[in-house]
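Quick caveat: nothing in here was measured; it's all calculated off a predicted structure.
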Amino acid sequence: MRRPTVDSKQPVGILPAQTIRELAEAGVVRVPQPLDPGQVQPASLDLRLGATVWRVRASFLPGRRPVRERLEQLALHRFSLEQGAVLETGCVYIAEIQEALALPPGLSASANPKSSTGRLDVFTRLITDQGEEFDIIPPGYNGPLYAEISPRTFPILVRAGSRLGQVRFRSGNSRLTDAELAALHAREPVVDGTAASFQNGVAVSVDLAGFGADRLIGYRARRFTGLVDVDRIAACAVADYWEPLHADGSGALILDPGQFYILASREAVTVPPDFAAEMTPFDPLVGEFRVHYAGFFDPGFGHSAAGGVGARAVLEVRSRDVPFIIEDGQIVGRLVYERMQQRPTALYGEGGSNYQGQSLKLSKHFR
């Protein structure tokens, strides 16, 4: 069968929703059934879990081998997701993805958890056959996709069709240099305030001053909770899963090892319609904690044209081996921006969104 192709001379940039749909029609994105409503985002495609999942002894990269070959060596148990199944905390699972790819030369992709997945402290990464990196799909890749899934705090209920991760497609090197990002910021501020810092992206700091009359600064996840059905919106009571944290006047917060926190950025973030952004992994030299589970920010996030003025970046934070003090205004991550190949037909937040215009917000599963 002839390999599907796309225009080899297409412009540099992140592919928008309308082009992603064209990829599915052309067979570059192979789908066993039509795409679900809302599955195509302004600059990414949600990935649906398939029918089969394996519990494995440990995380792995296949290297020069197919994923299925490694599963034969490492799988402890195989089960179906057709009727739904609970994935337990502390375990590692590998799930089939319904979508497969037949990328042409010059078109690559990268993956990230969806926002709601990251805010549940579900660690998930994409794996490809012969893959030597997580979440990276090289130009010309032709084969299946798999998701590594490891719930860290809450057990989750998933089923075939559940969408935990998403993938972006790009042509060429679309990332803005610091000089280009500074110039964009001068034309249309990407973060509010006057002291934006540009070094491998724009700096994002944490807000520990608090929101509202009760000066809420974030949430700390409770342990030994009930499960979360990833496909049910507003089904879980906040108090059953989260402990609210309030500012105490110190301007600081001690992160307990192994605990999971939801905090918010001090800066309001804007992604102009012709660009996309991503939160980069935190520099381990700056502190003993990790920020960034779900890093994609779509065109229009926080933008006035899509009703998102004042949107903060919600930060999924986990301390590592020792208690660590973070302070109000401390830099905790950086946003890198990339050009879109063309403007999406619909911006993030148009027609409704769980997170557009957000300040400090838990995932859509909580009420």
Check whether any side-chain N or O of [X] sits under 3.5 Å from a backbone N or O of [Y] as a donor-acceptor pair, and report yes or no.
X	Y	answer
Arg367	Ala235	yes
Arg175	Arg339	no
Gln18	Arg343	yes
Asp129	Val67	yes
Tyr93	Pro151	no

Counting heavy atoms not belonging to [X], are there more than 12 under 6.0 Å from its [atom1]?
X	atom1	answer
Leu76	CG	yes
Glu180	CD	yes
Arg55	CZ	no

Nearest-0.5 Å distance, [atom1] of residue [X] to [atom2] of residue [Y]:
X	Y	atom1	atom2	result
Asn200	Thr177	CG	OG1	11.0 Å
Leu253	Asp328	CG	CG	11.0 Å
Thr89	Phe123	OG1	CZ	15.5 Å
Leu23	Leu101	CG	CG	9.0 Å
Met279	Ser265	CE	OG	7.0 Å
Tyr261	Thr153	OH	OG1	11.0 Å

With distance as the sole criterion, is a donor-acceptor pair present between the side chains of [X] and [Y] under 3.5 Å?
X	Y	answer
Gln39	Gln166	no
Gln73	Arg70	yes
Gln199	Asp178	no

(message) My understanding is that a hydrophobic cluster links ILVMFWY residues whose side chain heavy atoms are under 4.5 Å apart, including indirect links. Using that, what else belongs to the cluster containing Ile14?
(response)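 So far as hydrophobic clustering goes, Ile14 is joined with Met340.
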(request) Give the intermediate values and the outcome of side chain to side chain donor-acceptor pair (under 3.5 Å) for residues Asn142 and Arg30. (result) CA-CA 10 Å; Asn142 186 4; Arg30 300 199 298 265; 2.9 Å; yes
For the student: nearest non-hydrogen atoms of [X] and [Y], plus distance:
X	Y	value
Ala277	Val271	CB-CG2, 4.0 Å
His365	Ser116	CE1-CB, 3.7 Å
Ser174	Gly13	CB-CA, 3.6 Å
Ala85	Leu157	O-CD1, 3.4 Å

(request) For the pair Leu245 and Leu216, evaluate side-chain contact (heavy atoms from CB on, under 4.5 Å) and give the outcome as yes or no after the intermediate values. (result) CA-CA 6 Å; Leu245 303 172; Leu216 181 71; 5.6 Å; no
(message) Going by the rule ring-ring contact (aromatic ring centres under 6.0 Å, His included), which residues pair with Tyr241 if we only count those two or more places apart in sequence or in a different chain?
(response)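 Result, ring-ring contact (aromatic ring centres under 6.0 Å, His included) vs Tyr241: Phe154, Phe366.
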According to side-chain hydrogen bond (donor to acceptor under 3.5 Å, both in side chains), who are the partners of [X], at least two apart in sequence or on a separate chain?
X	answer
Ser250	Asp248
Arg125	Ser59, Glu148
Gln341	Gln10

(message) Please determine whether residues Leu47 and Trp54 belong to a single hydrophobic cluster, defined as Ile, Leu, Val, Met, Phe, Trp and Tyr linked transitively by side-chain heavy-atom distances below 4.5 Å.
(response)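 They do not share one cluster, since no chain of ILVMFWY contacts under 4.5 Å joins Leu47 to Trp54.
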(request) Verify side chain to side chain donor-acceptor pair (under 3.5 Å) between Asn112 and Glu278, making sure each step is shown before the conclusion. (result) CA-CA 9 Å; Asn112 237 310; Glu278 181 176 356; 3.0 Å; yes
Taking only Lys NZ, Arg NE, NH1 and NH2, and the carboxylate oxygens of Asp or Glu, determine whether [X] and [Y] approach each other closer than 4.0 Å.
X	Y	value
Asp46	Lys114	yes
Arg152	Asp121	no
Arg168	Asp135	no
Arg159	Glu82	no
Arg312	Asp207	yes

(request) Could you check if a side-chain atom of Leu255 sits within less than 4.5 angstrom of a side-chain atom of Ile326, using non-hydrogen atoms only? (result)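 SC-SC contact between Leu255 and Ile326 confirmed.
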(request) Apply the test side chain to side chain donor-acceptor pair (under 3.5 Å) to residues Arg170 and Ser110: give CA-CA distance (whole Å), side-chain angles for both, the deciding distance (0.1 Å), then the verdict. (result) CA-CA 8 Å; Arg170 58 174 54 79; Ser110 61; 2.9 Å; yes
(request) Kindly say whether the aromatic ring centers of His77 and Phe79 come within a distance under 6.0 Å. (result)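 Yes, ring centres under 6.0 Å apart.
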(message) Can you confirm whether or not the ring centre of His303 sits under 6.0 Å from the ring centre of Tyr348?
(response)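 For His303 and Tyr348, the ring centres are not under 6.0 Å apart.
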(message) Could you go through Thr270 and Val191, starting from their C-alpha distance and side-chain angles, then the distance that decides it, and tell me whether this counts as side-chain contact (heavy atoms from CB on, under 4.5 Å)?
(response) CA-CA 6 Å; Thr270 297; Val191 292; over 6 Å; no
(message) Could you work out, with salt bridge (Lys or Arg N to Asp or Glu O under 4.0 Å) as the rule, every residue matching Arg68, not counting sequence neighbours?
(response)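 Residues passing salt bridge (Lys or Arg N to Asp or Glu O under 4.0 Å) with Arg68: Glu96.
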(request) With Val158 as reference, evaluate Asp231, Leu49, Val86 under the side-chain contact (heavy atoms from CB on, under 4.5 Å) test and give the passing residue. (result)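 In the set Asp231, Leu49, Val86, the residue that makes a side-chain contact (heavy atoms from CB on, under 4.5 Å) with Val158 is Leu49.
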(message) As a quick check of understanding, evaluate side chain to side chain donor-acceptor pair (under 3.5 Å) for Glu243 and Gln259, giving each step before the final call.
(response) CA-CA 11 Å; Glu243 175 190 356; Gln259 290 286 89; 5.9 Å; no
